[in-house]
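The structure under discussion appears below in the form of structure tokens.
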Amino acid sequence: MRQVYTIADFIISSLGVGTPANMAQLRAGKSGIREIEFPQIPLQPVYASRIDDQEWLSRFSHDEQSYYTRLELQFILAIKSLLQPVDLMDLSRFLLVISTTKGNIDLMEQSPEKALDQRALLPVMARRINTYFSFPHEAVVISNACISGVSAMLAGQMMISAGHYDHVLVLGGDLFSHFVYSGFNSFMALSKSQCKPFDKNRDGINLGEAVAGVFLSSNPGMCQNTSALAKIVGGGQSNDANHISGPSREGLGLKIAVAKAMKQAGLTAANIDYINAHGTATVYNDEMEAKAFAALGLGEAPLNSLKGYYGHTLGAAGILESVIAIWQLNEGDFLKSAGYEESGTSEPLNVLKNRQQNNEARFALKTASGFGGGNAAIIFEKP
Amino acid sequence: MKLIISATSKITSEGAYQNGHLVVSNEHDEAGRFFKDCYTHLAITYPKYYKMDRLSQLCFLCAEFLLVGHDRFKDYDRGQIAVVIENYHASLVSDQKHQISISDRDNYFPSPSVFVYTLPNIMLGELCIRHQINGEATCLLPENKDFFCKYIRALFDGGASECCIAGRVDFTDSAYGAELYLIENSAMVGQHIAKFESIF
């Protein structure tokens, strides 16, 4: 089994293009969530985080803009940026893995009753992106709802570790859409303002839009930015086998996933220096996480959720939040958990109310849970 | 580690098959009526079945045919059983249904019971609930045998799983099909019906 590293990353989000731009905003305490104009939606107000196209769209020609969809262009931009430092790579040992829940769902919105636009199918979208770069291996899409991003990173880790590939580019993204907004609204799961993960007054999620990518490799020598470099030392996935649209009350599945990750890493709870939680700010999710972390002896580990900055970015979330977790770990600088003021879970957690410096921190745990009952955990080590 | 296939099941528009043998032949044009025949044949009572969309029903039925009478499956540690399913059209039929329900802005009442099926991994979640599986449940697209086989082998080799329900399930209004395999470590199993490499 080979050691796998994260060696480069890239983000397009409401907080900017590129990871350094995003980190600068996060450190300044800025959130990308705001009340947005979404005039066709009969439900107001709408709080969400959205990507500003003026920041990146002009990098593409008019031909590219008319041939590729908005999400495809974001994916292509991310891949171009991620491949820059690694252009000497042998592509026969390279794989693209895409994490998304709904892909080009906006195309279906434009013509629900007309013939289906084939690009709305995930494998078609993946093939178009793969063809742009002439990657020799067919891209793989992982669609595990809200845990897709962590699932995709673990798939990449497992395949490199087993020796099937040397490099896997893991890319996650989803659009802000009527489709998803209306669905979450029908679940009464949306917050009426900026979301408040783990807080007493939390009232639901904000939806967010982002594309995030991370380059996984067996060769840490290819890394050109030490803030992006981390060892993946453990991972685990599970299913609650309880309910398709709600978490297990006691966090059964999350406990299994985290325990698997810690076992693979050869660590105990005392070794975990920081937790990047899923923390969607729904009443049930955050309570479930608190119970699982407490049961695992992780109640005292410094913890934050990034949902108060980005909202729930669905297919991007696991990757986006892992990237920010790695940068926090490498810089020994941990963000306050935006939207958190007073504990709102039955089991206490060490939710960061203020920015915290800890240069000794070595291991970071990232978790995700979601629709379909899935849970995923991944552990990073500062190299 | 040597992996083997210890059971198979398949549902096509021709009929339902268990370990290669036809068990229910399709007498209908409409998928829902054929699925009902399969459900009746299985002689089970599972009210959640009626809430599922066609994709999840297809996955559910195929897994029932796979696991009927498979006692050893019940003995595995539930956290060590994985489900890995390939798919091409994701949740297209439910997606279209949800989209139509929200396309009229004056009649904007999407149903949560439709929306929840607009994700392809929900069929795996349903399967985990039915069979109390607590291991990894992963939905991969498109159908790509090379990656699929490597992925499952790595799940076993890395110690993440001791048993895996693996296969393909796809449903659209014009075509459908499901094929599932029970994959186990040969050291745990006295007899098998096929080598892992013969999958699909």
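Proteins get letters first, then strands, A, B, ... in listed order; numbering begins at 1 in each.
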> Would you say the side chain of A/Leu121 lies within less than 4.5 Å of the side chain of B/Leu92, judging by non-hydrogen atoms?
Replying inline: yes

> Is the count of non-hydrogen atoms from other residues, nucleotides or ligands lying under 6.0 Å from A/Lys255 atom NZ greater than 12?
Replying inline: yes

> Distance from A/Met158 atom CE to B/Lys150 atom NZ, nearest 0.5 Å?
Replying inline: 12.0 Å

> Is it the backbone or the side chain of A/Ile244 that comes under 4.5 Å from a heavy atom of chain B, or both, or neither?
Replying inline: both

> Measuring heavy-atom distances to chain B, does A/Ile147 have an atom under 4.5 Å in its side chain, in its backbone, in both, or in neither?
Replying inline: neither

> With chain B, which of A/Ile256, A/Val140, A/Val180 has the greatest number of heavy-atom pairs at distances under 4.5 Å?
Replying inline: A/Val140

> Contact part of A/Asn144 toward chain B, heavy-atom cut-off under 4.5 Å: side chain, backbone, both or neither?
Replying inline: both

>> Which residues in residues 116-124 of chain B have any heavy atom closer than 4.5 Å to a heavy atom of chain A?
In response: B/Val116, B/Tyr117, B/Thr118, B/Leu119, B/Pro120, B/Asn121, B/Ile122

>> Less than 4.5 Å apart, side chain to side chain, heavy atoms only: is that true for A/Ser151 and B/Glu136?
In response: no

>> Can you classify the ring geometry of A/Phe179 versus B/Phe115 as parallel (below 30°), tilted (30 to 60°) or perpendicular (above 60°)?
In response: tilted

> Looking at B/Ser91 and A/Lys102, what are the two nearest heavy atoms and their distance?
Replying inline: OG-NZ, 3.4 Å

>> Checking side chain to side chain contact (heavy atoms under 4.5 Å, CB included) between A/Ser186 and each of B/Pro112, B/Ser101, B/Ser111, which is the one that passes?
In response: B/Pro112

> What part of A/Leu95 gets closer than 4.5 Å to chain B, counting heavy atoms only: side chain, backbone, both or neither?
Replying inline: side chain

>> If you count every heavy atom of other residues, nucleotides or ligands that lies below 6.0 Å from A/Met1 atom CE, does the total exceed 12?
In response: yes

> Checking A/His243 against chain B: side chain, backbone, both or neither under 4.5 Å from a heavy atom?
Replying inline: backbone

>> If I measure from the heavy atoms of chain A, does B/Asp146 come under 4.5 Å with its side chain, its backbone, both, or neither?
In response: side chain

> Are a donor atom and an acceptor atom from the side chains of B/Asn134 and A/Ser238 found within less than 3.5 Å of each other?
Replying inline: no

> For A/Ala376, is it the side chain, the backbone, both, or neither that has a heavy atom closer than 4.5 Å to a heavy atom of chain B?
Replying inline: neither

> Do you know which two heavy atoms are closest between A/Lys260 and B/Gly79, and how far apart they sit?
Replying inline: NZ-O, 2.8 Å

>> Other residues, nucleotides and ligands only: do more than 12 of their heavy atoms fall within 6.0 Å of CE on B/Met1?
In response: yes

> Does atom CZ of A/Arg2 have more than 12 heavy-atom neighbours, drawn from other residues, nucleotides or ligands, at distances under 6.0 Å?
Replying inline: yes

> Can you find a pair of side-chain heavy atoms, one from A/Met108 and one from B/Ser103, that are under 4.5 Å apart?
Replying inline: no

> Roughly how far, to the nearest 0.5 Å, is the CG atom of A/Leu107 from the CD atom of B/Gln99?
Replying inline: 10.5 Å

> Is the closest side-chain heavy-atom distance between B/Leu140 and A/Val141 below 4.5 Å?
Replying inline: no

> Just wondering, more than 12 heavy atoms not from B/Lys145 lying within 6.0 Å of its NZ?
Replying inline: yes

>> Counting only non-hydrogen atoms closer than 4.5 Å, does B/Leu155 touch chain A with its backbone (N, CA, C, O), its side chain (CB onward), both, or neither?
In response: both

> Tell me, do A/Leu116 and B/Gln96 make a side-chain contact under 4.5 Å, heavy atoms counted?
Replying inline: yes

>> I need the minimum non-hydrogen distance between A/Ser182 and B/His98, along with the two atoms involved.
In response: OG-NE2, 3.1 Å

>> Are more than 12 heavy atoms, taken from residues, nucleotides or ligands other than B/Asp29, located less than 6.0 Å from that residue's CG atom?
In response: no

> Can you name the closest pair of heavy atoms from A/Ala241 and B/Ile129 and give their distance?
Replying inline: C-CG1, 3.6 Å

> Which one of B/Gly125, B/Gly135, B/Ala154 has the most heavy-atom pairs closer than 4.5 Å to chain A?
Replying inline: B/Gly135

> Is the number of heavy atoms from other residues, nucleotides or ligands within 6.0 Å of CZ (B/Arg72) greater than 12?
Replying inline: yes

> Which answer fits A/Tyr165, side chain, backbone, both or neither, if we ask what part of it has an atom under 4.5 Å from a heavy atom of chain B?
Replying inline: side chain

>> Between A/Ala162 and chain B, with a heavy-atom cut-off of 4.5 Å, which part of the residue counts as in contact: side chain, backbone, both or neither?
In response: side chain

> What part of B/Ala160 is in contact with chain A, defined as an atom under 4.5 angstrom from a non-hydrogen atom: side chain, backbone, both or neither?
Replying inline: backbone

> Rounded to the nearest 0.5 Å, what separation is found between the CE atom of A/Met159 and the CZ atom of B/Phe147?
Replying inline: 4.0 Å

>> Check this for me: A/Tyr284, atom OH, are more than 12 non-hydrogen atoms of other residues, nucleotides or ligands nearer than 6.0 Å?
In response: no

